[in-house]
Amino acid sequence: MDKTIYRVAIVGYGGMGSYHAHLIEPVDQIEVTGAYDVVPYRMELAAAAGFKSYESLDAVLADVSVDVVLVATPNDVHKEIAIKALQAGKHVICEKPVTIHSADLLEIVEAAKQAGKIFTVHQNRRWDEDFLIVKHIAETKQIGEVFRIESRVQGANGIPGDWRQLKAYGGGMLLDWGVHLLDQLLLLTDSKIDSVAAEFSTILGTEVDDGFTAHIRFRDELIAVIEVGTTNYVTLPRWYVKGTEGTVVIRDWELNGEVVRSNPDVARVEPKPIQAGQGLTKTMAPPSEESTLRFPVEKAPAPAQTFYQNFVATLNGHSSQIVKNEEVYRVLRLIETLFEAGEKREVLKDLDL
Ligand code: NAD
């Protein structure tokens with residue numbers, strides 16, 4: 001049994017930095033010992049939580065007792081801090097979006113390679129229960145072959161905070177929430193992407209997008225619609241997924257939803273025409289009760305490791321990074337392609353992505 005304790009210093013002790021302290025607390029062999037933030041008040045909060053306060057990033061990096069630097073600053077300074085920390089011999093965990101441009105991630109990965117240290121990105125929404133349920137349903141073919149995925153998050157509160165509204169800080173919803181939804185999407189298929197189109201919303205008048213809709217077509221014909229909104233007083237379901245044998249809807253994070261699929265034991269029963277508005281329709285009638293199965297969405301099997309358990313196991317040499325840097329790079333390349341498609345108002349085709 002490995003008894004090493006990995007000591008973490010948090011750089012950027014804001015909303016997410018302080019949240020990481022709670023995530024790390026229950027995990028064996030890793031503990032938060034210190035923090036550094038450019039704002040004195042945030043340092044007071046770190047000290048009140050029992051962490052050592054550092055007066056500068058250099059002071060964090062000079063402390064030989066620190067094994068891991070956790071970067072939870074605004075997005076524009078992730079790269080600079082991560083590379084400095086790796087060059088100082090620290091392992092690095094970085095918040096998402098890892099960088100604003102994909103080329104910057106390659107520089108960080110090279111620095112990690114040179115230093116022989118682990119660099120990993122906190123793509124925590126890979127452990128979201130709604131996503132794990134959809135992944136399990138798709139993998140176990142409960143609705144046949146999945147051919148359409150609609151994944152949305154929508155709020156009515158605009159873009160929160162200050163730096164999230166500014167381009168120079170890597171603000172905007174594609175980089176903020178989009179990075180999570182695209183990361184999840186790319187784990188739902190092995191196929192490469194064939195074409196994309198995107199529309200961006202700037203209805204709130206900010207210099208960055210307050211929401212977007214991305215249309216992504218994969219080479220195996222899977223189609224995905226990924227949407228983030230901050231101006232939605234009524235929301236669409238979190239997930240709407242169609243397969244050759246059925247449909248899944250997950251309406252919200254409370255996991256309200258259902259799976260509706262054809263009953264393999266009953267021959268298809270012709271639907272009866274229904275009155276619809278001022279006409280009759282059989283095409284749009286609901287599927288017949290007899291030939292359809294309905295059940296609530298069920299909990300998916302729990303993943304073997306949490307993000308931090310995997311990080312510790314990787315440091316101990318017992319596992320490999322769950323969040324692979326190549327996967328994170330692909331998501332950033334997709335984000336850049338979506339920005340390009342939105343700016344040009346074109347469908348970008350024949351992609352190698
Ligand atoms: P925040 O504004 O609440 O906190 C950022 C902190 O960084 C602030 O306290 C600020 O003073 C500090 N800071 C700024 N520049 C710094 C520097 N050069 N050195 C040290 N400290 C510096 O923002 P947040 O919501 O905590 O977001 C931080 C990061 O976490 C972002 O990259 C964001 O995208 C990410 N985030 C991830 C999730 C998730 O679910 N994975 C959720 C929220 C935020």
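Positions are given from 1 along the sequence. Read the numbers this way: they start at 1 and go in the same order the structure lists the ligands and their atoms.
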Taking only non-hydrogen atoms of S18, do any sit less than 4.0 angstrom from ligand 1? no
Going by heavy atoms, is E80 under 4.0 Å from ligand 1? no
Closest protein heavy atom to atom 9 (O) of ligand 1, given as residue, atom name and distance to 0.1 Å: D37 OD2, 2.6 Å
Heavy-atom distances under 4.0 Å are what count here, so tell me which part of M43 touches ligand 1: side chain, backbone, both or neither. neither
E145 meets the salt bridge (Lys or Arg N to Asp or Glu O under 4.0 Å) criterion, sequence neighbours left out, with K141
Identify the closest protein heavy atom to atom 3 (O) of ligand 1: which residue and atom is it, and at what distance? G15 N, 2.9 Å
Contact between A72 and ligand 1, counting heavy atoms under 4.0 Å? yes
So does K192 pair up with D220, basic N to acidic O under 4.0 Å? no
Heavy-atom pairs closer than 4.0 Å: do any link ligand 1 to the side chain of W163, the backbone, both, or neither? side chain
Got a sec, which residues hit salt bridge (Lys or Arg N to Asp or Glu O under 4.0 Å) with D183, two or more places apart in sequence or on another chain? R126
In terms of side-chain geometry, is the basic nitrogen of K52 or D63 positioned less than 4.0 Å from the acidic oxygen of its partner? yes
Which residue and non-hydrogen atom of the protein lie closest to atom 38 (C) of ligand 1, and at what distance in Å? M16 SD, 3.5 Å
One residue to check: N124. Relative to ligand 1, which of side chain, backbone, both or neither has a non-hydrogen atom less than 4.0 Å away? side chain
If we count only N and O atoms by modelled type, under 3.5 Å, do the side chains of Y308 and H20 hold a donor and an acceptor together? yes
Determine, using ring centers only, whether Y6 and F311 are less than 6.0 Å apart. no
Do NZ/NE/NH1/NH2 and the carboxylate oxygens of D176 and R164 come within less than 4.0 Å? yes
Salt bridge between E258 and R294, side-chain N to carboxylate O under 4.0 Å? yes
Residue and atom name of the nearest protein heavy atom (relative to atom 30 (O) of ligand 1), distance in Å to one decimal: E95 CG, 3.2 Å
Could you check whether F307 and H122 have their ring centres less than 6.0 Å apart? yes
Which residue supplies the protein heavy atom nearest to atom 14 (C) of ligand 1, what is that atom called, and how far is it? P74 CD, 3.3 Å
Nearest neighbour of atom 18 (N) of ligand 1 from the list V77, N75, L70, on a heavy-atom basis: V77
Per-atom contacts of ligand 1 with T73, taking only distances under 4.0 Å to non-hydrogen atoms: 7 (O), 16 (C), 17 (C), 19 (N), 20 (C), 21 (N), 22 (C), 28 (C), 29 (C), 31 (C), 32 (O)
Please state which part of Q123 comes within less than 4.0 Å of ligand 1, counting heavy atoms only: side chain, backbone, both or neither. neither
